[in-house]
Protein chains: 2
Amino acid sequence: MKLKMMYGFLNSDIALIEKELEQAIQTDYALISETSLHYLQAGGKRIRPVFVLLSGKFGHYDIEIIKNVAIALELIHMASLVHDDVIDDADTRRGKPTIKAKWDNRIAMYTGDYVFARSLELMANIQDVRAHEILSKTIVEVCLGEIEQIKDKYDLNQNLRTYLRRIKRKTALLIAASCQLGAIAAGAPEAVHKRLFWFGYNVGMAFQITDDILDFTASAEQLGKPAGSDLLQGNITLPVLYAIQDPEMRKKIEQLFESDHPEYHIDEVISHIKSSGSIQQSFKMSQRYLQKALVLLEELPSNKAKSTLHKIAEFIGNRKF
Amino acid sequence: MKLKMMYGFLNSDIALIEKELEQAIQTDYALISETSLHYLQAGGKRIRPVFVLLSGKFGHYDIEIIKNVAIALELIHMASLVHDDVIDDADTRRGKPTIKAKWDNRIAMYTGDYVFARSLELMANIQDVRAHEILSKTIVEVCLGEIEQIKDKYDLNQNLRTYLRRIKRKTALLIAASCQLGAIAAGAPEAVHKRLFWFGYNVGMAFQITDDILDFTASAEQLGKPAGSDLLQGNITLPVLYAIQDPEMRKKIEQLFESDHPEYHIDEVISHIKSSGSIQQSFKMSQRYLQKALVLLEELPSNKAKSTLHKIAEFIGNRKF
């Protein structure tokens, strides 16, 4: 079953958000509209807007209000990707050249700033000040996560705790915030929006671990970028952390990092990682987060949104690309 | 009379803000604390916090509330400077190496993002949603201004309108927002905070034109960077726009831009600009904005803050560096 079919009953609202996402970044400046649209049209799962809308169903769902949160969260995600590509010096994303590759770092920096500013403008339509507090704290953490990622690159002495904290900041908190803010914008009770936060947090952790696994197990075509890209960029993910517990694997990865042409050796390293059992270990970890998410979900009032969140969570934890 | 002496009655509040500015950017990450502090401690006039506090005196002034706005506005200004230095490829600011020069573009980008995120966290303490709306719209404009500046670099075919719109976005709107948000955070009536916005806007325009004049008339020591830096970076400011109405001056500046070593020729170009009368024309334009600001101020209720704003506005329009 495809992700999109799981939330078919939201189709018209999702279509509205897709349309307004494009409008939100329109400017009189051809360049900035072009760079932003370039990114937006490269696709993406739009899972943050979906989480916002579904969480809104636990309160008084008004699409005219909640759409602001859904669009804002997707734009914040997009802004962070644009800046991320500058940090990672990445040339492709979703099978298309990145902004920093097609234009330059400076243009990418300001495209990110602009898209982020637009998201704040949309969020300003939300009257509940708790929403602004939660969002701003989330963004501080996301930024710290990005800085951490620069610092931790190529560092094989980091541990599981470092990794988990990094993906929490990089991914899980923004998905958690999507769920919580959707519920808050719909005026859901505190017990509900706090539970949705933790549901989103655990789904987000499972999501990022799965992403980190797929970087080794999926094909370049499925990924829209070469397999092993994370490792080539020096990002130490969970499968690598497990793999380097074996001193021989650790040595292989050290050699990869020291090589003048790591891209020549990456396929060999990928196949070693695949046969080391660390993919299975990583999958187990992702399943633990997924199970926690599903347990948290159980306690929420039963409705269509709840069963949909359940299906999406399972899909995310088991997706093949 | 020095700027600081004009608002002596705010001294203890300004000292509090200076202390909390440092606290606001503290993290557990040595690198990011170091880069942010590097900037903060390089000084600056802190005029945005001063405008926030003085405008707050037109309502119910509570330093515990209004300090959030004052710190946030200074941090937003700082974040924009950090990103600005990446765009301008600038090596020094306020006599110290820029973050992008001392570290690199990537670190500068995330320092800016982080500092900006902290400012949002502080603003979340303000309950009035209009404040969030005004701030987010201002930031969108500031970003568009930055993008415009990249686009307009080295373009001698731009006109006065282009320049004025650019400095409005680059400088005037953030000063206008400082005044308006200070008043809103203190619960001042709408007629008052809207008037303060326009006062700030006009002061901001005068401030930036003065800055653009000083780039030619002040010494490298006073500026903390070489004279003529704006022009060397391709930024066409008001004195240049007036000067190139003379075809001979236009040719000289075209030659400067085409030169392999523009820094060898900048002193000559500066002295031509100084003797062309365009400095005087620019000064006249700045005075026009200043007079508008003072007229707007007249209609506000009389208090110490009003007379102080008057003095600061005059100082800003007539400062020598």
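A note on names: the letters A, B, ... follow the listed sequences, proteins ahead of strands, and every chain is numbered from 1.
With Arg169(A) as reference, Glu141(A) is the one residue of Gln149(A), Glu141(A), Glu146(A) to meet the side-chain hydrogen bond (donor to acceptor under 3.5 Å, both in side chains) rule.
Of the listed residues (Glu148(B), Arg130(B), Met123(B)), the one with the most heavy-atom contacts under 4.5 Å to chain A is Glu148(B). Contact count against chain B (heavy-atom pairs under 4.5 Å) is highest for Leu144(A) among Ile139(A), Ile150(A), Leu144(A). The candidate from Glu133(B), Lys137(B), His83(B), Lys151(B) with the greatest count of non-hydrogen atom pairs under 4.5 Å with chain A is His83(B).
Using the six-membered ring where Trp is involved, Trp198(A) and Tyr201(A) have ring planes that are perpendicular, over 60° apart on the 30 and 60° scheme. Between His132(B) and His132(A), the ring planes lie parallel to each other; the angle is under 30°, not in the 30° to 60° tilted range.
Of the atoms belonging to Ile126(B), it is backbone heavy atoms, and not side-chain ones, that fall under 4.5 Å from chain A.
Side-chain contact, Thr171(B) with Gln208(B): a donor N or O sits under 3.5 Å from an acceptor N or O.
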